[in-house]
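Note on naming: letters A, B, ... go to the chains in the order of the sequence lines (proteins, then strands), and numbering restarts at 1 for each one.
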Amino acid sequence: MRKMTKIDIITRPGKLEELKEAMYAIGVTGMTVSQVFGCGLQKGHTEVYRGQEYAINLLPKIKIEIVVCEVPVEAVLEAAKKACRTGKIGDGKIFVYPIENAIRIRTGEEGDIAIMDPEDVEK
Amino acid sequence: MRKMTKIDIITRPGKLEELKEAMYAIGVTGMTVSQVFGCGLQKGHTEVYRGQEYAINLLPKIKIEIVVCEVPVEAVLEAAKKACRTGKIGDGKIFVYPIENAIRIRTGEEGDIAIMDPEDVEK
Amino acid sequence: MRKMTKIDIITRPGKLEELKEAMYAIGVTGMTVSQVFGCGLQKGHTEVYRGQEYAINLLPKIKIEIVVCEVPVEAVLEAAKKACRTGKIGDGKIFVYPIENAIRIRTGEEGDIAIMDPEDVEK
Ligand SMILES: Nc1ncnc2c1ncn2[C@@H]1O[C@H](COP(=O)(O)OP(=O)(O)OP(=O)(O)O)[C@@H](O)[C@H]1O
Ligand SMILES: Nc1ncnc2c1ncn2[C@@H]1O[C@H](COP(=O)(O)OP(=O)(O)OP(=O)(O)O)[C@@H](O)[C@H]1O
Ligand SMILES: Nc1ncnc2c1ncn2[C@@H]1O[C@H](COP(=O)(O)OP(=O)(O)OP(=O)(O)O)[C@@H](O)[C@H]1O
Ligand SMILES: [Mg+2]
Ligand SMILES: [Mg+2]
Ligand SMILES: [Mg+2]
């Protein structure tokens, strides 16, 4: 089975649309989005959200989970950095994890095929 | 320490009850449920939710996280596929991850024992 | 690249503040918090939430995700157990996962540096 990887992107809620388009442009076939609260401690720094300043922040963020196999991890990282970077504190973090298997429930297919577009699988 | 595994099931919100019962039936002792939004891009296909059609969908899904050790991963996959499959687009995906350790906070127990029913551990 | 680890803590919502302070005290620089529902099956036991008793429970919990590199995993586990333990059923679980990489979106930095306080990185 080819190596699969999960990428978690934690960024500003306002970046979802741009990120989604950037991911589809490089061939990502799906993603899972959650609303989370992010905490970052930075000595002497604060983050601004809707005009208010926070020191030990607990700010609304989105977490986007993306599993890839054919699309290179490096391509996801580059596209995500490009879509989410403003250069200001609060742009967020990306975490990369190993994954052992993927299954498409509808068909029972396992491995890389489970996360490929069914149109391409059938071809 | 015996190998532990995390299984993420992303499926239709309406399947939670059935899935929960299927998991308990095979000996799973706990699960963590989140409300998420799922995005799947399928060329030429659409998914229907509450009578509306979506192309690049961002649909309400549930994510169920299950950590197992004694219960075989294969048993979880089979039971989850059975509980969640309707045969229609939108049935969802399952992802399988390695895990290094588990801790029961109440007692400090680590490893497989942390996710066993305390009744069985004490016996 | 030094080994990085993700720690998921699933515990009572009321423990967030205490946990946050405990984590910052040992040098953790960030965390991601989600609202989840926890299911735990315990033969013959029930968990109490707001005066009500639940058998097969589906109770509000919080999930805290913490990625560390410099701070030892063992220190996080000890501090989390201390902050979250009441000794009663419902204290929760901790799960430990391997992680392959971390990226700071603002600067593009990768690895352990991505999760260090920028103040310390610049020094
Ligand atoms: N060590 C960590 N473990 C888990 N989640 C983290 C960690 N560090 C940061 N996060 C998550 O990422 C979000 C963004 O992190 P943080 O605020 O530290 O970065 P930033 O301000 O965007 O970046 P910068 O370091 O450039 O200021 C946090 O709100 C939190 O949700
Ligand atoms: N590559 C992926 N990475 C992360 N999450 C994904 C990925 N693919 C799918 N998902 C998640 O799983 C959910 C279901 O995926 P998708 O809609 O592609 O499958 P489906 O329509 O159920 O299956 P099918 O391929 O049979 O049409 C998505 O809404 C999304 O939350
Ligand atoms: N095997 C598991 N997989 C995934 N999540 C789990 C698992 N076991 C427990 N959890 C999560 O952890 C939460 C707490 O678990 P549980 O209720 O079993 O523990 P507890 O009652 O705190 O501990 P104890 O075993 O001491 O009674 C659950 O509500 C659920 O969210
Ligand atoms: Mg910050
Ligand atoms: Mg689909
Ligand atoms: Mg319990």
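Inter-residue side-chain proximity for A:P98 and C:P98 is flagged as met; some heavy-atom pair is nearer than 4.5 Å.
Atom CD1 of C:I115 is separated from atom CZ of A:F95 by 6.5 Å, given to the nearest 0.5 angstrom. For the atom pair C:I105 CD1 and A:K88 NZ, the distance stands at 14.5 Å (nearest 0.5 Å). Between atom CD of residue C:E17 and atom CG of residue A:L58 there is a gap of 8.0 Å, rounded to the nearest 0.5 Å. The OG1 atom of C:T32 sits 12.0 Å away from atom CD1 of A:I62, with the distance rounded to the nearest 0.5 Å. We find the OG-CD distance between C:S34 and A:Q35 to be 10.5 Å, quoted to the nearest 0.5 Å.
For C:L16, the part sitting under 4.5 Å from any heavy atom of chain A is the side chain, from C-beta outward, and nothing else.
Remark: C:K6 qualifies as a cation-pi partner of A:Y97 under the 6.0 Å distance and 45° angle criteria applied to the six-membered ring.
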Could you walk me through whether A:K3 and C:E100 pass the salt bridge (charged side-chain N to carboxylate O under 4.0 Å, His left out) check? CA-CA 13 Å; A:K3 186 180 190 306; C:E100 289 178 356; 3.0 Å; yes

Please assess A:V96 against C:I103 for the test side chain to side chain contact (heavy atoms under 4.5 Å, CB included), listing each intermediate value before the final yes or no. CA-CA 9 Å; A:V96 180; C:I103 294 97; 4.2 Å; yes

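Minimum heavy-atom separation, C:A114 to A:K93: O-CE, 3.0 Å.
Within residues 77-87 of chain A, the residues approaching chain C closer than 4.5 Å by heavy atoms are, in numerical order, A:L77, A:K81, A:C84, A:R85, A:G87.
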